[in-house]
2 protein chains.
Amino acid sequence: MRILLITSAVLLLASVVVAETQHELNLMPMPASIQAGIGQLQIDRSFSVAIAGSKDATLARGVDRFVVELSRQTGIPLQARPSDSTKPTLLLQALRGSERVQKLGEDESYELVVDQSGAKLTAPNSLGIIHGLQTFLQLVETTPTGFAVPAVTIKDQPRFPWRGLLIDVARHFIPLDVLKRNLDGMAAVKMNVLHWHLYDDQGFRVESKRFPKLQGGGSDGLYYTQAEIRDFVAYAHDRGIRVIPEFEMPGHSRSLFAGYPELASGPGPYKVEPGGADAVLDPTREVTYKFIDKFIEEMATLFPDAYFHIGGDEVNGHEWDANPKIQAFIHAHGMKNNADLQAFFNQRLQKILTKHHKIMMGWDEVLHPDLPKTVVVQSWRGQQSLATAAQQGYSGLISFGFYLDLMWPAARHYAVDPMIGETASLNPAEKSRILGGEACMWSEWVTPENIDSRIWPRNAAIAERLWSSPEVQDPGSMYTRLGKLSWRLEWLGLTHRSSMTPALHRLSGTDDIAALHTLAEVVEPMKDYARISSLKGTWDFRAPLNRLVDIARPESDQARRFRDSVQAYVGSGYQDRAAEVQIRALLTAWRDNNAILHPVLEQSFLLQELAPLSENLSSLGVAGLVALDSLAKSAPPSDSWRTEQLALVERAKTPKADLLLMIAAPVQQLIEASAGQVQKP
Amino acid sequence: MRILLITSAVLLLASVVVAETQHELNLMPMPASIQAGIGQLQIDRSFSVAIAGSKDATLARGVDRFVVELSRQTGIPLQARPSDSTKPTLLLQALRGSERVQKLGEDESYELVVDQSGAKLTAPNSLGIIHGLQTFLQLVETTPTGFAVPAVTIKDQPRFPWRGLLIDVARHFIPLDVLKRNLDGMAAVKMNVLHWHLYDDQGFRVESKRFPKLQGGGSDGLYYTQAEIRDFVAYAHDRGIRVIPEFEMPGHSRSLFAGYPELASGPGPYKVEPGGADAVLDPTREVTYKFIDKFIEEMATLFPDAYFHIGGDEVNGHEWDANPKIQAFIHAHGMKNNADLQAFFNQRLQKILTKHHKIMMGWDEVLHPDLPKTVVVQSWRGQQSLATAAQQGYSGLISFGFYLDLMWPAARHYAVDPMIGETASLNPAEKSRILGGEACMWSEWVTPENIDSRIWPRNAAIAERLWSSPEVQDPGSMYTRLGKLSWRLEWLGLTHRSSMTPALHRLSGTDDIAALHTLAEVVEPMKDYARISSLKGTWDFRAPLNRLVDIARPESDQARRFRDSVQAYVGSGYQDRAAEVQIRALLTAWRDNNAILHPVLEQSFLLQELAPLSENLSSLGVAGLVALDSLAKSAPPSDSWRTEQLALVERAKTPKADLLLMIAAPVQQLIEASAGQVQKP
């Protein structure tokens, strides 16, 4: 037993070291193993990088990018050309180059050793080097003596081989420059799959040369040419990112029928316009499969990845029900219902994909015993659906809990794990079928202007969940590291932080946006599907998205920090003076804000809806200050005051202008704490 | 006399209307004539634009851009394709298209009529329409009832035909995407010449196919390919901007000799490295002229504009003095000195330019009676130099007073006029030779990261000076309109405002940059040539530009507004309560700032130099508050306090870390005002 005890002690010690290092190093995702060294490596004008091992074009371009990013991060103009010096600052050594087409499950590991005299990054292939360079960039710190990387040994590899981000470019078109900077962001947090949702009822976004009416009828001119797509796929490949196209079949396909109504199950006519979601392919006619065969043949060359996503979700069956020929087909083939018809369709589709050397992926609904086990299921429904698939022998990945459009805080996504709930009790073979997960950026409320702020920084928390050990789960550490990562992501051109200022100027039409900014910083868009549910009319994808709800960040840092301060203050028995000072400063600013903001709101049609929010913010400021004074003086307020203020809090919690005032709950905590004090004798 | 009186009254009335409209409309540059109408034109989803008259490709692309910009400005997704509707929101009518190569003095006028039912923009050519569309964009306001353009009739044309911006890409290379967004900014303020300073001692930035060692030896890999240049020139042409290349001869040419040392007057060797400015072409050898002939022939096709700038400034003559053959040549040809040699060179050069159908431009120094009158002189020396040239029959333009790198406030540039001082007394024929002026962005201290903030928004004040009537000269109105324009320019991708935040994060390495921002907002870089003069060693164009001085804005809005508040307060006899509240809030924030900032400064090698500035800011805050209290209570402070505080002010005015603390002077005003009070009896 003694040996075991010693080992445990060492492990304990090691984990303490790791914990301390984790606190120090602003890495995201957290690497598999970190061992702190002594001292630091200076980064200055003499910085050089050399490649010792295999050097393919992907690696060469990766190093060029790395030098540009390091220059941007430090403001030191470094030479883009790798040095041939015998003693470079950073030596790179890969055993092999990269695959022409990146494969699922490729080795992504790397090892980075930094000491005071230099750094060495080794990996089995270029992919590992690309990841390790991102780790190196994150390690560069501003110190009292210069830019520097702390001495450290990092051994790293991902927990899951599939770490993706879905971007929906159908409901709102997203231009390639915006997508490219998001690929840069993904590479920074070592995500390796872009799931490109290229078409849906609201738009068909790919140029087809065989079926030009697809983009002609279905895109309003907003689509990617084949040359652009090739360039984009190469751009992603350079960053270690696979591109998986998704073409929804048989549902979500109205934009397809704008050009080819003969493929639809309904009588049409079909236009790309706001409205229902009934449009669905006719799976009973051979012309449909001929079209699919030719179309997939064309797309298969455009998208080289082995996987091909066919959607397959949310077929409501209305058009099938309404079409007597389709119903006759169902009966004639001994099917019980529409689900059987969709399974029949999927089997045909799967054979076509196989013919074109593609592996089929689909959402939960495609799961059917008749499909081969190679099919990959993406679960928007949850771990149970994923567990069932794994038990049946299917590979799968999770997106349930990773929907960025639901406006959840990062910590909530972070708490989701592919291996909790039903999947946790799978056997090892079944578990190995859980490939990872994908964050999903559905674009009902997304534009090129605000998409960065919907994806970042929260997506980095999901990236860490999929890369790092499941033991890495402290939200406090996550938020600390996310905070730093967030502004560093701006070096890549991402606008998740900077986009708010010009948008507030537009909203107000004025130069001075300070008071509006104060309000904008403490609100968040409504959660889940509340916004679309509360719509009076039909959701219109062509409507302007230029209200504060389209600009406000999904998670308010300000409100989160205020909540933390209130908890610290209450938790300290009202003794934490630093917290009290912070709370008081914020409450005072909020109290005084409406007087400044109110006249501004009246001057803009886009701001008028914010008047109740602004009033509530100030009222909460007043209430919070009374509560704080009461706590500081140990003088409980009257019951009637408390009742009145809690009613105010409840009103303030009601969404207004589709926004939530995120300081209502912590102010409530202050009010309740003040009322809960024992009356002075 | 009665008729005259009535006319004057009408004129007076008209000018009052104009003055009021000017106050209301945020236009920059101010148009030649504005007549306000009644009501406003709504801009909403139904907005459409149609082209009634001539429609060339330039105009078509201009309209596409306009629609994109209007969409960005309003957040309304508008269709890029012009509508064919019979009653569009905006009707465009040009009589002619645009010149393939834009010409000096082309008609740039337009007329814009807006009423509640629609707008009509007419012009003699596409160029006028392009300008008018920018005016329309500036007119779009956020109002209580929607986005709208006020009803108005504008007739507009420029005062000067040459309204340029020089950008030096030699001392620091500026990538094309950065230059392009600056072209967009120029188009927004109707500037029409980009003067591209393409080469200097520190770099040769153009690909020559005939002389590849030019960019090979002289560029460090940072140069523009010919394909890129063609694309860039077309991009400028689309925006009504002529591109004038400048190739410095015979001086400022070290980078040329890195590849072709045989053309130099000295023995070399020549490398692109920090150091002296002696390198100069050998004007005594035929090989020089053969090179120039071939080189200009190549460049003449690349840059289609009729004008070609050959620099010609600051030849110090050291290499000529030191070369016995050159001295012998001077004597053999009966020349008196190096100036005669340069004139000889310029005559030869001018003939070569004529052969290639180019009109020669140069700086003041090229002026010589032997040169033909077609030569255009650009004056960095001042109005006298320009007046002399005009009297001799030469055309000229002014850059003296328009050097953006000198870090002057906008109002100081704004007060410069091509027609003041010596030029004001020229006769009409001579005056007509003053073509306009050029702002100059020399790039000793400029990088792709900070160049926007050096050019904008101040360049817009110069643009107005060159476009608008000389009577438009109120700095208050200018600053009001400049403030609005400044954030609107961000829609074009310019980063003059947004670049500060990521740079402050880099400086500090921390998330919370509020206190650093407070300091950064009230400092300005040293003026004129103080920074280069105070250098200990040689100026090194390869050194990092990542200190606060590289980030701080040339003109502090915060300090300017504080100064205005202090003046308003003092001017009101200390009765202006609103001003007092503003002054007190700022002084309090500054007083408290050092306590927060000091620990942050210690943690970064880039921030340590700011400690004295930060201390002075807080000390000035304390002093200012005492003075303010004293004024508010009519209780003069003691003489010894005053003496002490004024000494502090003097210390605070001394540059530190190459920065000036811009609130020192207004705090001084408060202190002096407080001391100047009559003692209470």
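Letters A, B, ... are given to chains in the order of the sequence lines, protein chains preceding strands, and every chain is numbered from 1. Being a predicted model, the structure only gives us computed values, none of them experimental.
When all heavy atoms of F541(B) and E273(B) are compared, the pair lying nearest together is CE2-C, 3.5 Å.
Defined by atom type and a distance below 3.5 Å, a donor-acceptor pair is missing between the side-chain atoms of W445(A) and D550(A).
Contacts between S486(B) and chain A at a heavy-atom distance below 4.5 Å are absent for every atom of the residue. In this structure, no portion of T447(A) lies under 4.5 Å from any heavy atom of chain B. Only the backbone of T145(B) comes within contact range of chain A, with heavy atoms under 4.5 Å apart. Heavy atoms closer than 4.5 Å to chain A are found in both the backbone and the side chain of I76(B). In this structure, no portion of L601(A) lies under 4.5 Å from any heavy atom of chain B. At a 4.5 Å heavy-atom cutoff, the contact between Q608(A) and chain B is made by side-chain atoms alone. Both the backbone and the side chain of R506(A) come within contact range of chain B, each with at least one heavy atom under 4.5 Å from a heavy atom of that chain. For A543(B), the parts lying near chain A are the backbone and the side chain together; criterion is any non-hydrogen pair under 4.5 Å.
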**OP:** Show the numbers, then the answer: is there a side chain to side chain contact (heavy atoms under 4.5 Å, CB included) between D452(B) and V178(B)?
**Re:** CA-CA 8 Å; D452(B) 292 0; V178(B) 178; 3.9 Å; yes

Original post:
Please walk me through it: do L586(A) and Q558(A) pass side chain to side chain contact (heavy atoms under 4.5 Å, CB included)?
Top reply: CA-CA 9 Å; L586(A) 286 170; Q558(A) 179 84 280; 3.6 Å; yes

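Expressed to the nearest 0.5 Å, how far CD of Q603(B) lies from OG1 of T510(B) amounts to 10.0 Å.
Contact tally against chain B (heavy-atom pairs below 4.5 Å) for D540(A), L545(A), L606(A): the top residue is D540(A). Contact count versus chain B (heavy atoms, under 4.5 Å) is highest, among P448(A), G146(A), S71(A), for G146(A).
Each of L492(B), L485(B), I451(B), L494(B) was compared with W456(B) under the side-chain contact (heavy atoms from CB on, under 4.5 Å) criterion, and only L494(B) meets it.
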